[in-house]
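Owing to the predicted nature of the structure, the values given are computational and were not obtained by experimental measurement. Every chain is numbered from 1 and lettered A, B, ... according to where its sequence line falls, protein lines coming before strand lines. All heavy atoms count here, side chains included; hydrogens, waters and symmetry mates do not.
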Amino acid sequence: MPDWKKVRDDFPALHQQVNGKPLVYLDNAATTQRPRIVIDALSRFYERDNANVHRGLHALSMRATDAFEGARARVAKFINAAAPEEIIFTRGTTESINLVANTWAVANLKKGDVILLTEMEHHSNLVPWQLAAQRTGAQLRYLPVTGDEGLLDLSQLDRVLTPEVKLFAFTHMSNTLGTINPAAELCARAKKVGAVTVIDGAQSIGHMPVDVRALGCDFYAFSGHKMGASTGIGALYGRRALLDAMPPYQGGGGMITNVEFFESRWKPSPERFEAGTPNFADAVTLGLACDYLDGLGRAEIARHDGQLAQLAYEKLSTLPGIRLLGPKSGRGGLVSFAFNEVHAHDIVTFADEDGIALRGGHHCNQPLMRKLGLTGTTRASFYVYNTEAEIDALVASLRRILKFFSGN
Amino acid sequence: MPDWKKVRDDFPALHQQVNGKPLVYLDNAATTQRPRIVIDALSRFYERDNANVHRGLHALSMRATDAFEGARARVAKFINAAAPEEIIFTRGTTESINLVANTWAVANLKKGDVILLTEMEHHSNLVPWQLAAQRTGAQLRYLPVTGDEGLLDLSQLDRVLTPEVKLFAFTHMSNTLGTINPAAELCARAKKVGAVTVIDGAQSIGHMPVDVRALGCDFYAFSGHKMGASTGIGALYGRRALLDAMPPYQGGGGMITNVEFFESRWKPSPERFEAGTPNFADAVTLGLACDYLDGLGRAEIARHDGQLAQLAYEKLSTLPGIRLLGPKSGRGGLVSFAFNEVHAHDIVTFADEDGIALRGGHHCNQPLMRKLGLTGTTRASFYVYNTEAEIDALVASLRRILKFFSGN
Amino acid sequence: MSDLSDLYQQVILDHNRRPRNRGKLPTANRVAHGDNPTCGDQCNVYLRVDGDKIAEISFDGSGCAISQASASLMTTQLKGRTAPEAQKLYDEFHHIVTTGEAPEEISDLAAFAGVHAFPARIKCATLGWHAALNALKGDAAPATTESHND
Amino acid sequence: MSDLSDLYQQVILDHNRRPRNRGKLPTANRVAHGDNPTCGDQCNVYLRVDGDKIAEISFDGSGCAISQASASLMTTQLKGRTAPEAQKLYDEFHHIVTTGEAPEEISDLAAFAGVHAFPARIKCATLGWHAALNALKGDAAPATTESHND
Ligand SMILES: Cc1ncc(COP(=O)(O)O)c(C=O)c1O
Ligand SMILES: Cc1ncc(COP(=O)(O)O)c(C=O)c1O
């Protein structure tokens, strides 16, 4: 088991004071902090190996290409893809999902087809499908969420997962509820009706073991910045057979075999989907973040984050008037809650005064919020460096806030 | 005037040996090196201010947001945009052009309309328009290049720039020929027929003063990695009036005012076009690169790079059998050439043995190459840290290569 | 907590707990909706304009203490004002929340001077005002604090 | 320049300067095109297959010394071979250019052993071979060195 106390030393940003208090960073679902090895690797890359990739035959360019393609192979291994060519580098989860919506969906969907989503989707796994539906004439449909306990209502799955469903996109873990969805089961059910599956892995990728072949999904989208890598890099996993049949995404350098003035031919994946100079330096950090997380052990991380979340859930439930969202047990590493008396933004501002970084608002889940009769929640989300003591600090801070607003 | 010798000290990557020789980095048109202040700022950002932007109210998130939006304002000032909201952050030039092709072009072009390009466009300013033409039914048309001297044939402009032309996209500076196009004149002529203009600024942005309002263009696309900033960040400038009327680009978090299960409303620019977590850390480096280049003075940089290129052109012209491309004078900071006897890739491999980084191939200009009867060229491209001595090293290395391949 | 007590002054806490003129206005002849997409705050402002004056005004919606208190206090200040007067008051209010400088005479609005130390919260304080000014202009489009002129 | 002289051995320079079997083959009954989109090298291979043997073979195209010499040398090696023999020869060649290990008996192909020290150039050396094998398979699609099985 990792020595969790030591893990904190790996993250320079944690060791600072905010408003005169030691920083308690509980906003990991928005973005994690980066370990020292990631930060240093970025400097080192720019100091030594920096050159454009792929089309270069000089030493720096070959080093950069090796590092970039090495990162792709590392990411493939991280999620057990069949080959590096199944990994397309993108800016992050949002772009990965838009890529599928603008390629596979546009080429394969038509009027009468249905895109199935769930009521707990982040805007990034919802709006792209609204746009794709507008463009193709397909319709959206939603698998309901049960209520405050935030589970997918699987009793409704047969009703909504009909043969018209050509694509089923759902989140592996909810960024608001903390729910971990039964992704393998959902993929198996989708396969039965012939629907292609897209998993939004933004919240799962850095927090638990992820094996795309065991999950049986067709696409898996995720962001590097939520797993310790730098910003501006993420990936889309796609099954080779699907990728090879897909039209290109963006046009430009690097994705063609042949360009004439009036027509062009495309390279296979991944190049077909990576027009222009890729974000090669940040891609290298994604490979290193994989190393770092595997060094800790992803099953260990899942246990660590889940235990903190469970503890937070229990301690928070002692606060007067609190409304806690998401499952009572088996949750991922976050807790989200609301009070009638105090708005989430006031809580975040007050907690910040205690050095505690929280997030308040709709968390890009407006439709879910509306369904639950909420305008927003306050969310505390955990990662490998968070501690029980930090949860105590959070609870103490919330008590002070409630006191202030209740006026005594 | 900057002390150009001292400038070299600002770039850590230059101070290394390659194959036992001091690195001579002449592949700047592919990507430049990064100054120390950019590399350090990135580390510092991740060590201190790292948090997701926009939706956060805690200290780190506010600092990150200020840095990110500060970079936007800095970039706006760098190109004299009317407002920061006219700057959309993208991965780079390629994505910027694809953004216009997928929003403005798709919303405004139809059968019978013409997209005017030039024969010297990079694939990144050519393939996106092929895709947009396919999608909308518009047609492509090309303004010819005169031949090896590589000028736009302005005598043909009236013939091709007819009222059917709804969009005119052209490069500010050619990445293969070194030609600097008369962008302001081309924009003025386009305006007369009511065509929207898109300038590919990949090669100009870091090399000369750029004032989008003086140019009179509607869109201006560029990459940070070609101006000393980190990879994965670039920008699209768009005129406010056009941006406000454009449909969104990608769907996701951050770009909406309101999401319902079946429809959504969009924020204004720039958020409408920046779905998902933006590459905020790298955006910060783009602002710093602007500071760095303005510190040297962009008119000075243009003079420096142009003089080196002119000198290289003259010294190279003494080599037996060389075919030099591009204008005899007034060129930007690069020289591109070919020999009948020795292929570009063999040259690049040999030069690398002398520590000299060159690029060989079609430079993402296949149609231009075909027109000129070439399959590729060797390109030496210069930046603020290159010296006359490095040009002498290049010429000496080429002499050795020619000798080797001529077999005596 | 000194900055925080400046931000959450008694006046604000009071308006947050007991908002004035809250609810729909059955006799309204102007309505505008405002939202702050960054945080999800929403605010509707209802006006009955009589001649050139705001005869009645109310608001509803949801949001943080700052936005709710600000909208509540605003309704008490705008009643009986003309459009130019309302604009002038908003300009003064905007000056207060962005600079922290509160001129003597504008007593209650000065409670919002503490906002200037929390730039991310300025949009909360101005949300109701944006909606009210839009309603006065008869502008049908929802006010959003992402608007360019903020 | 020791690595370089290993890369550009006399055999290679010779084949580059005086390519064998270069040009279209009027009697060809199989053709395939290969390209290396990374660098723009192109190669057409023309075959006349008689029974199960390659009766005649030629190539044209453009590219670096490595790709041209490799295609030229290949044509001299493949003439008279069956498809399985050609595949076996390619496998040996691929082993040579990726590892630098050249078994005694394969004399001329061993000239390409130096390529292994320049991984970026391996695709140049195999371009013509990819096209030839595709032509043998009667595969109409252009061979590209970006193919997954490279
Ligand atoms: C003229 C020109 N346009 C567009 C591009 C594409 O830029 P990027 O690869 O950064 O998207 C380049 C550089 O490769 C270029 O030189
Ligand atoms: C569940 C979920 N999906 C998608 C996203 C979007 O990720 P990104 O903003 O990195 O594109 C997020 C994070 O914001 C998320 O939590």
[X] versus chain B, heavy atoms under 4.5 Å apart: side chain, backbone, both or neither?
| X | value |
| --- | --- |
| A:L140 | both |
| A:N98 | side chain |
| A:P247 | neither |
| A:V53 | backbone |
| A:Y25 | side chain |
| A:N258 | both |

**Asked** Of the backbone (N, CA, C, O) and the side chain (C-beta and beyond), which part of B:R135 lies under 4.5 Å from a heavy atom of chain A, both, or neither?
**Response** side chain

**Message:** Heavy-atom cut-off 4.5 Å, strictly under: side chain, backbone, both or neither for B:E263 against chain A?
**Reply:**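 B:E263 touches chain A through backbone heavy atoms alone.
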
**Nearest atoms (heavy-atom pairs only) where A:V259 meets B:R370** = O-NH1, 2.9 Å

**Request:** Output the option from B:P367, B:G232, B:A275 having the highest count of non-hydrogen pairs under 4.5 Å with chain A.
**Result:**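 Ranked by contacts with chain A, first place is B:P367.
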
**Asked** Where does the angle between the aromatic ring planes of B:Y142 and A:F261 fall among parallel (under 30°), tilted (30 to 60°) and perpendicular (over 60°)?
**Response**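 Rings of B:Y142 and A:F261: tilted, 30 to 60°.
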
**Item:** Parallel, tilted or perpendicular: ring planes of A:F280 versus B:H225, cut at 30 and 60 degrees
**Value:** perpendicular

**Item:** Derivation and outcome, salt bridge (Lys or Arg N to Asp or Glu O under 4.0 Å), residues A:R36 and B:E47
**Value:** CA-CA 8 Å; A:R36 163 72 53 211; B:E47 286 165 13; 3.1 Å; yes

**Request:** Would you indicate whether the side-chain heavy atoms of B:T277 and A:S223 approach each other to under 4.5 Å?
**Result:** no

**Prompt:** With a 4.5 Å heavy-atom cut-off, do B:F11 and A:N50 have their side chains touching?
**Reply:**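 No, their side chains stay 4.5 Å or more apart.
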
**Request:** Enter the distance from B:S43:OG to A:R34:CZ here, rounded to the nearest 0.5 Å.
**Result:** 12.5 Å

**Message:** To the nearest 0.5 Å, what is the distance between CD on A:E260 and CG on B:L126?
**Reply:** 11.0 Å

